[in-house]
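What follows is a short report on a single structure.
Atoms within a ligand are numbered from 1 in the order they appear, just like the ligands themselves.
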Amino acid sequence: MSLTLNIVGAGKLGQTLGRLWQQLGFFQIHSICNRSRQSADAARNFIGAGSACESIAAMGDADCWLIAAGDGQIADVAAQLAPRMNGRDCTVIFHCSGALSSEILSPCQPAAIASAHPVHSFADPEKSLRSLAGSTVALEGEWPAIELLQRAFTALDCELLTIDSSKKALYHAGSVFACNYLTALMDLSLRTFSSAGIERERALELLKPIVLQTAGNNMAMGPEQSLTGPIARGDVDTVRRQLAALAQTDTQLTRCYRQLGLACVELARRNQLPGPLAEELIDLLSEPSR
Ligand SMILES: NC(=O)c1ccc[n+]([C@@H]2O[C@H](COP(=O)([O-])OP(=O)(O)OC[C@H]3O[C@@H](n4cnc5c(N)ncnc54)[C@H](OP(=O)(O)O)[C@@H]3O)[C@@H](O)[C@H]2O)c1
């Protein structure tokens, strides 16, 4: 017989996982609670099972609880659930935040606590039903919970990655660098093109092939082999001219150019940039002392 699962916060992620597990028969969805009754009813209809509840207090007991409210609500939901978990060391409680560890669920112990972060965008639950398989899920927490979640996500054909609980924030920062900061880099690039008189649409057109190619090279060969441009070549004069030109724009562009340039020197060094050229570039790119 399948284990029962309660979902507090059946939004984009909660509804998707609930429906997939219900369809597979891995979990039997029991109670669903959102902020509004209307939203809980809609989630129940999407999942195709379970009872929509007015409040957490109205939810029945279950073998496993998924807290899939927004990150800012997880601590509050855990505090509401905590009194129900007295003596329930066989119950599993987990959340799916990438930024928070399972520690935030500690008020619910002795229930076994964990976090399971699917590296997937649940923007459209209908699409995610078809595209979640193959995504990686990063797990951390207490063993009985991890063991169950490994089976639950394997049943969805997800790849598993177990991470150290104390490293959860670093794990998330890793994705922030590659995803969010890449977007910030695109904006810095467009602002710089704009200062050079190249309008946004034209700049995006111009960037598209090289940005996609660079992403592809990084995936195929890693950053060391993918770095090209003046720093990889040790072309100090070009870097000096670019810094002088950026100094005529705004300070944020110059600062970012310096900091990222220093990261590029580190990378180029690992790919045989001669030491003296690296030192010259580091001197040039370091913030001038005030
Ligand atoms: N979306 C993604 O791509 C994604 C990817 C990986 C991980 N995650 C993680 O998954 C979790 C959920 O994200 P999401 O995008 O699915 O959020 P969402 O679509 O905004 O859904 C959140 C749901 O939680 C409900 N809720 C909020 N506060 C509540 C409370 N105090 N009690 C009961 N229900 C409450 C909301 O109810 P109402 O509908 O009534 O407002 C809503 O249905 C987050 O921890 C997020 O970091 C999301």
Between CD on residue Gln80 and OG on residue Ser55, distance to nearest 0.5 Å | 8.5 Å

Which heavy atom of the protein is the closest neighbour of atom 21 (O) of ligand 1, given with residue, atom name and distance?
-> Gly11 CA, 3.2 Å

Heavy-atom distances under 4.0 Å are what count here, so tell me which part of Ala10 touches ligand 1: side chain, backbone, both or neither.
-> backbone

Between the side chains of Gln73 and Arg35, is a donor N or O closer than 3.5 angstrom to an acceptor N or O?
-> no

Which heavy atom of the protein is the closest neighbour of atom 28 (N) of ligand 1, given with residue, atom name and distance?
-> Gln73 CG, 3.3 Å

Residue, atom and distance of the protein heavy atom nearest atom 39 (O) of ligand 1 read Ser39 OG, 2.7 Å

Any idea which protein heavy atom is nearest atom 7 (C) of ligand 1, and the distance to it?
-> Cys96 O, 3.2 Å

Is it true that the side chains of His30 and Thr4 contain a donor and an acceptor less than 3.5 Å apart?
-> no

Distance from atom 16 (O) of ligand 1 to nearest protein heavy atom, with residue and atom | Leu13 N, 2.8 Å

Considering only the protein, which heavy-atom contact is closest to atom 4 (C) of ligand 1, and what is its distance?
-> Phe122 CD1, 3.8 Å

Give the atoms of ligand 1, by number and element, whose distance to some non-hydrogen atom of His117 is under 4.0 Å.
-> 6 (C), 7 (C)

Hey, what's the ring geometry for Tyr171 with His117, parallel, tilted or perpendicular (30° and 60° as the breaks)?
-> perpendicular

What do we get for Ala69 next to ligand 1 when only non-hydrogen atoms under 4.0 Å count, side chain, backbone, both or neither?
-> both

Residue selection (non-hydrogen contact nearest atom 44 (C) of ligand 1) among Val8, Asp71, Ile32 = Asp71

the protein heavy atom lying closest to atom 17 (O) of ligand 1 turns out to be Ala68 O, 4.4 Å

Answer yes or no for Arg200 and Phe193: cation-pi contact, defined as NZ/CZ to six-membered ring centre under 6.0 Å and angle to ring axis within 45°.
-> no

So which heavy atom in the protein is nearest atom 20 (O) of ligand 1, and how far is it from that ligand atom?
-> Lys12 NZ, 4.4 Å

Point-to-point distance, once rounded to the nearest 0.5 Å, from CZ of Phe46 to CD of Glu126 | 4.5 Å

Where do Ile47 and Ile32 come nearest, in terms of heavy atoms and distance?
-> CD1-CD1, 3.9 Å

Between the side chain of Ser2 and the main-chain N/O of Gly25, is any donor-acceptor distance below 3.5 Å?
-> yes

Can you find a non-hydrogen atom of His120 under 4.0 Å from ligand 1?
-> yes

